Visitor: 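Supplied in structure tokens, the structure appears directly below.
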Amino acid sequence: MTVMKTSMRNFFAHKGRMALSAVAVLLSVAFVCGTLVFTDTMNTTFDKLFAATSSDVTVSAKGASDTGETTSGNGKPPVMPADVLGKVRQAQGVKSAEGAVFSTSVTVVDADKDSLSPSSGGPTIVGNWNANEARTMKITEGAAPRNSGQIMVDEDTADKHDLKVGDEIGVISAVGTHTAKISGVTAFQVTNPGAAIFYVDTRTAQDILVGESGVFTNVNVTAAAGMSDVQLKKNVTAALGGDYKVQTAKETADANQKDVGGFLNVMKYAMLGFAGIAFLVGIFLIINTFSMLVAQRTREIGLMRAIGSSRKQVNRSVLAEALLLGVVGSVLGVAAGVGIAVGLMKLMGLTGMNLSTDDLTVAWTTPVIGLVLGVVVTVLAAYLPARRAGKVSPMAALRDAGAPADAKAGVVRAVLGLLLTGGGVFGLYLASAADKASEGFLWLGLGVVLSLIGFVVIGPLLAGGMVRVLGTVVLRAFGPVGRMAERNALRNPRRTGATGAALMIGLALVACLSVVGSSVVASATDQLDKTVGTDFIIQNDRGQPITPQAAQAVKSTPGLERVTEYKTLDADLTTPDGKTSKGETINAADPTYATDVTTETVAGKLADAYKPDSMSVFEGFAKEHGLTIGSKVDVAFKDGTAAALTVRAITSDEVVIDKGAMYASIPTVAKYVPAEKMPLDQLVFATAKEGQQEAAYTALKSALHDYPQYSVRDQTDYKDALKGQIDQMLNLIYGLLALAIIVAVLGVVNTLALSVVERTREIGLMRAIGLSRRQLRRMIRLESVVIALFGALLGLGLGMGWGATAQQLLALEGLTVLDIPWPMIIGVFIASAFVGLFAALIPAFRAGRMNVLNAIATD
């Protein structure tokens with residue numbers, strides 16, 4: 001009880017000093033709990049959605065996926081004949097059944113040809129209005145579509161694009177373009193998953209999505225009273241003869257949830273990983289806090305030991321304070337986590353996914369995980385300072401405050417740090433020298449972990465030399481005040497090293513990812529320059545195929561020298577070794593593709609692969625199956641007949657564009673795949689006549705004006721789009737890393753605040769002999785700046801080393817250019833100085849307000 005009373009007294013006596021450490025715990029726990037609550041809420045939302053939208057039994061074509069529609073290469077959904085509906089209705093236990101037609105391979109545009117698809121990347125769905133849809137959607141304005149001239153739109157899409165009843169919109173599919181006027185608006189009765197949904201009548205859906213009447217993509221079946229879904233599935237399967245996919249409501253919902261759950265799990269674990277980084281940074285803050293508190297209370301602890309307190313009691317007293325800190329920070333963090341989850345839900349609402357707070361899910365495990373994690377991390381972080389407190393002898397009560405340096409511990413730290421750093425460097429060397437990327441990444445992971453820990457351990461040793469160098473460059477210009485700031489930073493290398501290490505971790509990851517992202521863009525750009533010999537690339541950014549009408553519009557564009565079509569087909573390949581490789585992809589293109597894209601070969605010429613009954617294979621496949629130039633491969637096309645093709649070229653695996661592709665000409669494929677089964681183009685390449693590039697570019701955009709679903713890009717556009725995608729991903733990661741940077745800044749603030757308290761008497765004496773308040777504040781700010789720059793140098797140097805090693809592994813996959821983004825690296829380094837200035841504002845202000853006489857009288 002005495003130990004607990006002492007701990008409580010000390011905790012509340014230093015509550016201001018504990019506040020920033022509590023905030024670090026709070027932020028870390030909040031991020032963990034917020035992530036768990038948010039993903040649990042998403043799962044609950046989608047569970048309700050799939051349960052509400054799934055009929056008792058759903059019948060679909062064999063080619064449909066478990067989660068709904070899949071389109072074949074012709075851009076149309078797999079369908080079933082209309083007589084399936086009659087057979088289902090005759091099955092025992094069927095109360096009702098209705099046919100459904102829908103597709104996601106569509107683009108919907110307004111009268112100005114602007115896309116109405118969700119900007120969040122959600123699907124655009126066009127289907128027929130039926131009873132199953134009416135269960136989850138409610139018409140709020142107008143009426144359901146009755147003929148081909150009418151279409152109904154969901155309320156969220158209507159609000160976002162300011163659509164009203166009577167407005168004309170267009171549905172663009174593989175069949176063609178269909179225009180209709182909005183007849184009604186319908187609202188979701190469950191959460192909108194971020195989709196844009198449009199409804200037409202059944203006959204129109206068949207005509208504009210499939211191009212033929214009397215077909216359905218799904219049949220929705222409702223069970224009669226007393227009939228279980230499982231038994232109904234058996235009855236329907238028996239009636240249909242097993243030629244179709246039949247799923248119960250639970251199977252449909254589970255398949256959809258599995259598909260969504262995979263994405264949610266990736267997001268959850270990624271966010272938890274960043275929360276873990278914040279926890280790691282927070283550990284340094286807590287260690288620093290308790291180390292300085294123990295040092296400042298050395299005399300007090302010595303007195304406690306002198307009047308009979310044992311080492312264990314002192315140790316437990318400090319750990320009890322950490323326990324209180326962990327509990328307070330964790331409880332507040334759990335509450336803040338729920339707030340973060342609600343904030344994320346509102347943010348998702350801005351992107352079109354309207355998550356209701358009615359579905360907010362706080363599982364009992366979430367607060368438990370948050371509390372346990374926060375408390376355990378805090379207590380573990382305080383263990384070493386507590387152990388040092390227990391070693392304080394009773395004689396310390398007779399000395400000035402301040403724990404004596406442990407020379408033995410310093411030697412152990414130096415040796416351990418050097419060993420870990422050396423091991424990390426060796427791991428990075430082995431990664432860069434690896435022959436296979438899969439093996440190299442294992443060594444890279446080990447090298448990153450060991451070098452990071454090594455730098456953390458050896459930080460105090462590096463602090464002495466690096467702070468002196470930084471002091472010479474940055475601080476000496478400020479005269480005596482700058483020299484005092486330098487000496488203050490050097491006074492306690494362990495504290496400076498730990499504070500800098502907190503900032504180092506976040507900046508190391510930023511630098512590493514910047515180097516990798518910049519190198520990927522530079523490598524891909526280099527590959528484009530070296531291999532792509534065409535001027536323009538036409539494609540759909542959502543993966544929809546290019547319709548024959550659009551392809552013809554490209555071919556009819558004036559100023560073009562050649563147009564190359566590019567298709568993909570699924571096939572099973574049987575090689576001379578007797579092995580069959582199922583589900584391989586054959587890239588079929590016009591023979592001019594060999595000119596448009598220069599692909600390196602290890603044997604033969606790629607142009608020869610476009611000769612009749614010829615093909616190419618990639619290097620790895622050739623080695624695995626013993627293929628050489630002239631080998632025969634039996635190719636069984638999924639939607640056609642078998643062909644015996646001759647290998648005319650073997651392409652290198654050291655490429656980025658079309659890595660692992662197998663080529664054949666479109667005329668060769670057309671001999672074995674019927675015209676009605678031939679897939680549509682995935683890409684179209686166009687090359688302008690000499691000197692007519694700009695005119696052809698303008699003409700192409702004009703020719704495809706009626707096909708807004710396709711993008712026309714020249715090589716510059718393509719590079720910009722690639723860079724934009726990489727930058728978007730990096731910005732998201734930087735945003736998540738910002739939490740760790742914030743915690744590190746709190747660490748600098750806390751270190752300076754405690755340092756000011758520790759030097760109260762010294763500050764009073766300096767003020768007494770003439771140091772002005774302005775000079776005092778400047779000294780503390782400069783000390784903060786040099787600590788921040790020290791952490792930035794460590795982090796940026798370490799991160800660039802990691803990034804350069806990662807690029808060496810990516811070079812094995814064809815990304816051969818190492819590009820260091822120096823403007824960003826220099827910008828981050830300069831920004832670190834401002835971080836130091838910001839972190840010092842409050843400590844410097846408080847130091848400047850000290851009463852000189854009271855400060856001198858401080859014991």
Side-chain angles (χ1 to χ4, degrees), residues 269-270 273-274 276-277 280-281 412-462 465-466 497 500-501 504-524 526-527 600 602 618-620 623-624 652-656 659-660 726 729-730 733 737 740 791-822 825:
Y269 291 123
F274 287 102
I277 294 169
L280 181 61
V281 174
V412 172
R413 171 186 284 268
V415 173
L416 181 60
L418 289 171
L419 287 175
L420 288 169
T421 303
V425 171
F426 186 63
L428 295 176
Y429 166 75
L430 291 176
S432 64
D435 294 325
K436 293 183 179 179
S438 56
E439 296 176 0
F441 278 112
L442 294 176
W443 287 115
L444 175 62
L446 180 63
V448 166
V449 171
L450 290 180
S451 59
L452 177 61
I453 298 174
F455 265 56
V456 168
V457 175
I458 207 173
L461 295 178
L462 297 174
M466 294 183 69
M504 174 191 76
I505 295 171
L507 295 184
L509 292 171
V510 167
C512 175
L513 293 170
S514 297
V515 171
V516 171
S518 183
S519 297
V520 168
V521 171
S523 298
D526 181 65
Q527 283 282 326
E600 183 181 348
V602 295
F618 57 93
E619 187 177 1
K623 288 181 179 178
E624 181 181 354
S652 171
D653 286 341
E654 301 297 323
V655 295
V656 176
K659 182 180 177 68
I726 299 292
M729 179 185 68
L730 289 178
I733 294 173
L737 280 174
L793 273 179
L794 289 182
L796 295 175
L798 193 59
M800 285 192 288
W802 295 345
T805 305
Q807 187 277 326
Q808 291 296 308
L809 294 176
L810 293 175
L812 298 175
E813 301 296 319
L815 299 169
T816 56
V817 179
L818 172 63
D819 185 66
I820 306 292
W822 288 112
I825 298 296

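Counting begins at 1 with the first residue of the sequence. Please read these numbers as outputs of a predicted model, since none were measured by experiment.
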Visitor: Determine the minimum heavy-atom distance between V456 and A501, stating which atoms define it.
Guide: CG2-CB, 4.3 Å
Visitor: With the side chain counted from C-beta on, respond yes when V457 and I453 share a heavy-atom pair under 4.5 Å apart, and no when they do not.
Guide: yes
Visitor: Side chain of S451, backbone of V448: donor and acceptor closer than 3.5 Å?
Guide: yes
Visitor: Mind checking side chain to side chain donor-acceptor pair (under 3.5 Å) for D653 and listing every partner two or more places apart, or none if nothing turns up?
Guide: none
Visitor: Say you draw a straight line from CE of M504 to CG of L796; how long is it, rounded to the nearest 0.5 Å?
Guide: 11.0 Å
Visitor: List in chain and number order the residues that pass side chain to side chain donor-acceptor pair (under 3.5 Å) with T805, two or more places apart in sequence or in another chain; answer none if no residue qualifies.
Guide: none
Visitor: Which residues satisfy the side chain to side chain donor-acceptor pair (under 3.5 Å) test with S519, sequence neighbours excluded?
Guide: none
Visitor: Sequence neighbours excluded, which residues qualify as side-chain contact (heavy atoms from CB on, under 4.5 Å) partners of L730?
Guide: L513, I726, Y734
Visitor: Of all the heavy-atom pairs spanning V515 and G803, show the shortest one and how long it is.
Guide: CG1-C, 3.6 Å
Visitor: Give a yes or no answer on whether the side chain of S523 reaches the backbone of V817 with a donor-acceptor pair at less than 3.5 Å.
Guide: yes
Visitor: Might you point out which heavy atoms bring A792 and L507 nearest each other, and give the distance in Å?
Guide: CA-CD1, 3.6 Å
Visitor: Would you mind writing out the side-chain donor-acceptor pairs for residues 426-435 within the sub-3.5 Å range, not counting sequence neighbours?
Guide:
unit_1 : atom_1 : unit_2 : atom_2 : d
S432   : OG     : L428   : O      : 3.4
S432   : OG     : Y429   : O      : 2.8

Visitor: Sequence neighbours excluded, which residues qualify as side chain to side chain donor-acceptor pair (under 3.5 Å) partners of E619?
Guide: K623
Visitor: For L444 and W802, which heavy atoms make the closest approach, and how far apart are they?
Guide: CD1-O, 4.2 Å
